[in-house]
Amino acid sequence: MNLPPVAQAFVLHFGEMGSRWGINRTVGQIYALLYVSPVPLNAEQIVEALGVSRSNVSMGLRELQAWNLIIPKHIPDDRRDHYTTPDDVWQILRTLAEERKKREVDPTLSVLRELLMQSPGSEAERHAQERIAEMHTLIERLTTWYDDVKRLETERPAALLALGARVTRLLEAKDKIVSLARPAARNRRPTPTE
């Protein structure tokens, strides 16, 4: 690779992480290269930068396009296709989350719904359905939460993440206030107007 050392380290790391994320090494490297590149790149430039075959780059670009993670760009006076990534890292995260949801979460919810609609034939099946229902409820809640978060402007989820553990402390304080208010409400005598 003929890249600056920092960019090269980033590209190599993304290649290594690709296999852990369910994509091949070259696809991870292509994405990382496009992400750190200051200009859109064409397939030949990617081949030269990564030292991989043209067919590998073509397949990788198709896969990244299928995931909606890269953007084709037209360069004046150049007939070749050039590619880049969105500038907004939150948009990248949203796209990746949406694509994974379509490919992994939605089919899982469909299977869980089908299993829950079946009549249990034994106590073991009834127990299994109860556990499946818990899983279904959790995934549906996460999906609903995700749908709410994805509609927010970028600044909102960024601020939410920046709050970190302070959100937990806020919820704990709310729980304490609510628990203190309950005994007071139970011990309160009704007024004559009630």
Side-chain angles (χ1 to χ4, degrees), residues 1-113 135-136 138-158 160-162 164:
M1 284 186 209
N2 191 15
L3 299 171
V6 170
Q8 186 174 13
F10 180 74
V11 169
L12 289 173
H13 177 71
F14 250 71
E16 294 297 322
M17 291 306 296
S19 61
R20 295 180 187 157
W21 295 333
I23 60 174
N24 77 35
R25 179 186 313 250
T26 303
V27 173
Q29 289 178 342
I30 292 169
Y31 190 78
L33 177 64
L34 293 173
Y35 180 79
V36 297
S37 176
V39 295
L41 301 176
N42 62 47
E44 289 77 25
Q45 292 168 313
I46 296 168
V47 166
E48 184 180 314
L50 299 179
V52 296
S53 72
R54 176 73 164 86
S55 63
N56 232 356
V57 169
S58 293
M59 288 188 319
L61 289 171
R62 277 195 301 274
E63 185 171 341
L64 290 168
Q65 284 180 302
W67 279 81
N68 295 314
L69 288 172
I70 59 175
I71 303 166
K73 290 284 185 180
H74 175 72
I75 305 296
D77 300 323
D78 192 338
R79 295 172 55 167
R80 296 173 293 186
D81 293 326
H82 290 73
Y83 302 94
T84 189
T85 63
D87 292 331
D88 181 4
V89 73
W90 284 95
Q91 180 58 43
I92 295 168
L93 179 63
R94 282 186 186 106
T95 300
L96 189 56
E98 187 63 30
E99 292 298 321
R100 291 204 80 133
K101 179 183 173 293
K102 280 193 276 188
R103 287 172 164 83
E104 299 167 20
V105 176
D106 292 347
T108 299
L109 279 174
S110 293
V111 169
L112 295 178
R113 277 187 211 104
M135 181 67 67
H136 181 265
L138 172 66
I139 294 172
E140 279 211 326
R141 284 183 182 159
L142 287 171
T143 301
T144 301
W145 177 81
Y146 164 74
D147 288 339
D148 292 342
V149 170
K150 80 177 181 185
R151 285 191 278 281
L152 298 174
E153 295 296 320
T154 295
E155 296 77 26
R156 293 292 186 187
L160 184 61
L161 284 176

* **side-chain hydrogen bond (donor to acceptor under 3.5 Å, both in side chains) against D147, all qualifying residues, sequence neighbours excluded** => none
* Asked: Sequence neighbours excluded, which residues qualify as side-chain hydrogen bond (donor to acceptor under 3.5 Å, both in side chains) partners of S53?
  -> S55
I need the [X] [atom1] to [Y] [atom2] distance, nearest 0.5 Å.
{"X": "L96", "Y": "K101", "atom1": "CG", "atom2": "NZ", "result": "14.0 Å"}
{"X": "L112", "Y": "E140", "atom1": "CG", "atom2": "CD", "result": "9.0 Å"}
{"X": "L93", "Y": "K150", "atom1": "CG", "atom2": "NZ", "result": "12.5 Å"}
{"X": "R103", "Y": "E98", "atom1": "CZ", "atom2": "CD", "result": "10.5 Å"}

Donor-acceptor contacts, no H, no angles, side chain residues 30-39, under 3.5 Å, sequence neighbours left out:
from, atom 1, to, atom 2, distance (Å)
S37, OG, V39, N, 3.3
S37, OG, V39, O, 2.6

Hey, does [Y] have a side-chain heavy atom less than 4.5 Å from the side chain of [X]?
{"X": "R100", "Y": "V105", "answer": "no"}
{"X": "Q91", "Y": "T95", "answer": "yes"}
{"X": "V149", "Y": "Y146", "answer": "no"}
{"X": "R62", "Y": "S58", "answer": "yes"}

* Is the number of heavy atoms from other residues, nucleotides or ligands under 6.0 Å of M17 CE greater than 12? -> yes
Specify the closest pair of heavy atoms between [X] and [Y], including all atoms of both residues, with the distance to one decimal.
{"X": "L152", "Y": "R94", "answer": "O-NH2, 3.0 Å"}
{"X": "A49", "Y": "L3", "answer": "CB-CD2, 4.4 Å"}
{"X": "N42", "Y": "H82", "answer": "ND2-NE2, 3.4 Å"}

* R54: salt bridge (Lys or Arg N to Asp or Glu O under 4.0 Å) partners, not counting sequence neighbours -> E44
* Structure fact -> Across all chains, not counting sequence neighbours, the salt bridge (Lys or Arg N to Asp or Glu O under 4.0 Å) partners of R151 are D148
All N/O donor-acceptor pairs, side-chain side in residues 64-75, below 3.5 Å, sequence neighbours left out:
from, atom 1, to, atom 2, distance (Å)
N68, ND2, E99, OE2, 2.9

